[in-house]
Amino acid sequence: MFISSHTNVVFDHLRVPYTIVSGTSGSAHPLAGCATLVGRNAPRRSMYWPVFGAGSPVRLLAVAPRRFHCGRLILHGHVVPDDVVTAWLGGTDTDWHPVETVTDGQRDIASIWRSDRGDVFLPFDPNEIVRTFWSEGYHDDAGAGPAVGLRSAAVSAYYLIRPVMPRRLQIAVRRLYSRVQARTPFPRWPVEGSLHGFLDRMLEWAAELAGEAVPRIAPWPHGHTWAFVLTHDVETADGLRRLPVLREVELAAGFRSSWNLVPARYRVPDDVVAQLHAAGFEVGVHGLYHDGRDLADGVLAERLPEMLRWAGRWNAVGFRSPATHRAWATMAALPFEYDSSYPDTDPFEPQPGGCCSWLPYVNGTIVELPITLPQDHTVFVILRHADGRIWIDKTELIRAAGGMALLITHPDYADAAITRAYAELLAHVADDASAWRALPVEVSRWWRRRERSRLEPADDGWQVVGPARDEAHILYTAPAPQP
């Protein structure tokens with residue numbers, strides 16, 4: 001449906017059909033170092049954007065990576081200012097015009113441009129935008145401000161002295177600091193919609209270029225419109241002992257979940273794992289000791305063989321880092337089928353931030369399953385909510401957006417209030433036939449089948465070709481009505 005001069009991360013993620021052809025050009029265009037996307041059918045409009053890879057001639061002309069605003073969206077990356085774009089496009093006496101302002105929150109720094117024939121020029125690279133969200137690269141940009149570094153230092157100091165602090169003092173400090181954390185400007189909590197808003201904008205621009213509806217492979221199989229995934233982190237021996245508290249709630253409601261266990265912190269009897277598997281549950285690996293050091297330099301290589309030994313013993317293919325510590329390059333090379341350590345947004349964790357995604361995505365060899373509902377400890381212990389309304393409200397938002405509502409609960413903290421709220425959430429979803437109630441391993445394996453599948457033209461439109469063929473369905477984004 002489209003011809004592109006470069007790989008398109010957005011189209012790959014959404015499974016929009018396109019072909020890469022080096023040297024692609026729609027209309028006469030003077031930009032060296034820019035990507036071109038062309039609709040195959042008339043009118044042959046094009047979209048252009050700068051590419052900021054190593055050695056790119058465009059990189060030196062752009063503003064350093066920063067936080068910026070495009071309408072209501074908060075984005076991060078390099079931006080090419082208007083004066084540079086104006087020179088590229090042939091000066092002021094051309095058919096190109098700035099049509100949408102890009103700001104840093106206080107002043108204009110760039111624009112989105114259109115030509116009279118409908119071509120679009122973006123002053124940023126969509127690939128960089130999406131990868132920066134997924135990898136949390138926005139922590140490094142010039143627009144994040146010094147407060148980020150101060151908060152990071154404060155959190156590190158707290159976790160350094162936490163082992164010698166009484167439990168009640170730990171909670172008191174966390175509650176006090178949560179007032180600061182809750183004011184984090186980005187990613188906003190409990191919902192940050194900028195990434196998905198940007199993906200929607202890219203589909204809208206693509207439909208306009210094509211002059212017809214743009215197809216993509218739906219995120220979920222068998223006609224389901226969203227996914228609901230339950231996970232548990234069992235942090236202590238007491239949590240393992242209390243495992244039946246939440247398990248029985250799920251069994252009564254007809255749900256199954258994944259239980260992430262810590263093999264070297266407490267004894268995990270083989271019969272406990274066998275009983276979970278026999279009842280249709282999944283088991284994952286939650287680090288080795290739950291001491292927050294699994295991803296530290298040199299530590300992972302030392303501990304990984306033992307973690308993998310336990311993974312084999314438990315038939316476990318999924319990983320979650322203790323305290324949701326994460327590092328983009330490290331996670332990409334983990335020898336598991338999937339990781340689930342990235343929240344979509346969470347300022348309250350030891351490593352605050354989030355990938356801003358309500359959908360799985362691929363990082364290197366691993367499928368990332370974002371944690372998209374607030375954690376029980378945060379909601380009930382730190383913020384002292386009286387009920388689980390925040391779970392239901394965000395589940396409804398994700399359902400409407402077609403995303404994945406993935407929750408962590410801990411049997412370690414499962415008091416009467418948390419257990420009651422958990423049962424209410426399951427009851428809220430139980431009769432929703434549109435929900436794919438899946439284990440994490442099922443989501444990960446579906447996502448890989450979907451990634452290896454593509455759309456091809458058929459007599460009546462489009463068809464899915466590849467391993468997801470018999471499960472997938474197709475969604476369409478139509479061009480916006482012209483005024």
Side-chain angles (χ1 to χ4, degrees), residues 2 4-18 20 34-37 47-54 56 58-59 62 65-80 102 110 112 120-141 143-144 186-188 191-207 209 214 216-217 219 326-329 331-332 339 342-345 353-370 372 401-404 447 450-451 475 477:
F2 295 95
S4 178
S5 62
H6 291 69
T7 297
N8 189 313
V9 170
V10 174
F11 282 11
D12 288 339
H13 180 53
L14 300 176
R15 310 309 297 150
V16 173
Y18 76 104
I20 298 176
C34 288
T36 305
L37 180 71
M47 181 186 293
Y48 307 95
W49 61 81
V51 177
F52 298 114
S56 166
V58 177
R59 192 182 189 99
R66 62 179 304 130
R67 180 176 302 166
F68 61 92
H69 298 251
C70 183
R72 300 178 64 180
L73 305 180
I74 302 174
L75 308 177
H76 300 77
H78 292 82
V79 184
V80 180
V102 173
I112 294 171
V120 176
F121 178 81
L122 305 179
F124 45 76
D125 181 354
N127 292 351
E128 181 185 41
I129 299 296
V130 172
R131 288 180 178 131
T132 298
F133 277 115
W134 286 344
S135 67
E136 299 175 292
Y138 53 80
H139 287 308
D140 302 326
D141 72 51
F186 184 89
R188 294 162 290 195
V191 176
E192 176 52 69
S194 289
L195 171 58
H196 288 279
F198 181 70
L199 296 175
D200 289 344
R201 285 293 303 272
M202 287 295 293
L203 285 174
E204 291 164 5
W205 282 321
L209 292 183
V214 172
R216 66 190 187 277
I217 300 179
R326 53 207 182 267
W328 182 247
M331 311 319 260
D339 172 63
Y342 281 82
D344 67 326
T345 174
C355 64
C356 303
S357 180
W358 308 324
L359 292 176
Y361 54 93
V362 176
N363 175 19
T365 62
I366 205 162
V367 175
E368 188 62 49
L369 305 181
T372 57
M404 175 180 65
W447 205 256
R450 178 180 176 273
E451 185 190 25
L475 301 178
T477 297

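Count residues from 1 along the sequence.
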Test ring pair (Phe, Tyr, Trp, His ring centres under 6.0 Å) applied to Phe68 - qualifying residues, sequence neighbours left out: Phe124

His196: side chain to side chain contact (heavy atoms under 4.5 Å, CB included) partners, not counting sequence neighbours: Leu199, Ser357, Trp358, Leu359

By ring pair (Phe, Tyr, Trp, His ring centres under 6.0 Å) - contacts of Phe2 (at least two apart): Phe11

Are any side-chain N or O atoms of Thr365 and backbone N or O atoms of Ala332, one a donor and one an acceptor, separated by less than 3.5 Å? yes

With sequence neighbours left out, what residues match Ser194 under side-chain hydrogen bond (donor to acceptor under 3.5 Å, both in side chains)? Arg188, Glu192

Once rounded to the nearest 0.5 Å, what's the spacing between atom CG of Asp339 and atom CE of Met331? 3.5 Å

Mind checking the CZ-OG1 spacing from Arg67 to Thr132? Nearest 0.5 Å is all I need. 12.0 Å

Does Ser5 offer a backbone N or O that forms a donor-acceptor pair with the side chain of Thr36 under 3.5 Å? no

I'd like to check the side-chain hydrogen bond (donor to acceptor under 3.5 Å, both in side chains) partners of Tyr361; sequence neighbours left out, ordered by chain and number. none

Candidates Val79, Ile129, Ile112 - the one meeting side-chain contact (heavy atoms from CB on, under 4.5 Å) with Leu122: Ile112

Taking the inter-plane angle between the rings of Tyr138 and Phe186 on a 0 to 90° scale, is it parallel (under 30°), tilted (30 to 60°) or perpendicular (over 60°)? perpendicular

Counting N and O atoms only, with roles assigned by atom type, does the side chain of Glu368 sit under 3.5 Å from a partner on the main chain of Asn363, one being a donor and the other an acceptor? no

Qualifying residues under side-chain hydrogen bond (donor to acceptor under 3.5 Å, both in side chains), relative to Arg201, sequence neighbours excluded: Glu100

Residues in side chain to side chain contact (heavy atoms under 4.5 Å, CB included) contact with Arg216, at least two apart in sequence or another chain: Leu14, Val16, Leu203, Leu475, Thr477

Test item: Tyr342 and Cys356 side chains (from C-beta on) under 4.5 Å apart, heavy atoms: no

How far apart are the closest heavy atoms of Pro219 and Arg450, and which atoms are they? CA-NE, 3.8 Å

In Trp49, Trp205, Tyr48, the residue satisfying side-chain contact (heavy atoms from CB on, under 4.5 Å) with Leu37 is Trp49

Please enumerate all residues that pass side-chain hydrogen bond (donor to acceptor under 3.5 Å, both in side chains) together with Asp200, with sequence neighbours excluded. none

Tell me every residue that passes salt bridge (charged side-chain N to carboxylate O under 4.0 Å, His left out) with Glu136, counting only those two or more places apart in sequence or in another chain. Arg326

With side chains defined as the heavy atoms from C-beta onward, is the minimum distance between Val130 and Phe198 less than 4.5 Å? yes

Residues in side chain to side chain contact (heavy atoms under 4.5 Å, CB included) with Pro360, at least two apart? Trp220, Val367, Leu369, Met404, Val443, Trp447

Could you pull out all residues at least two apart from Thr7 that satisfy side chain to side chain contact (heavy atoms under 4.5 Å, CB included)? Asp12, Tyr18, Ile20

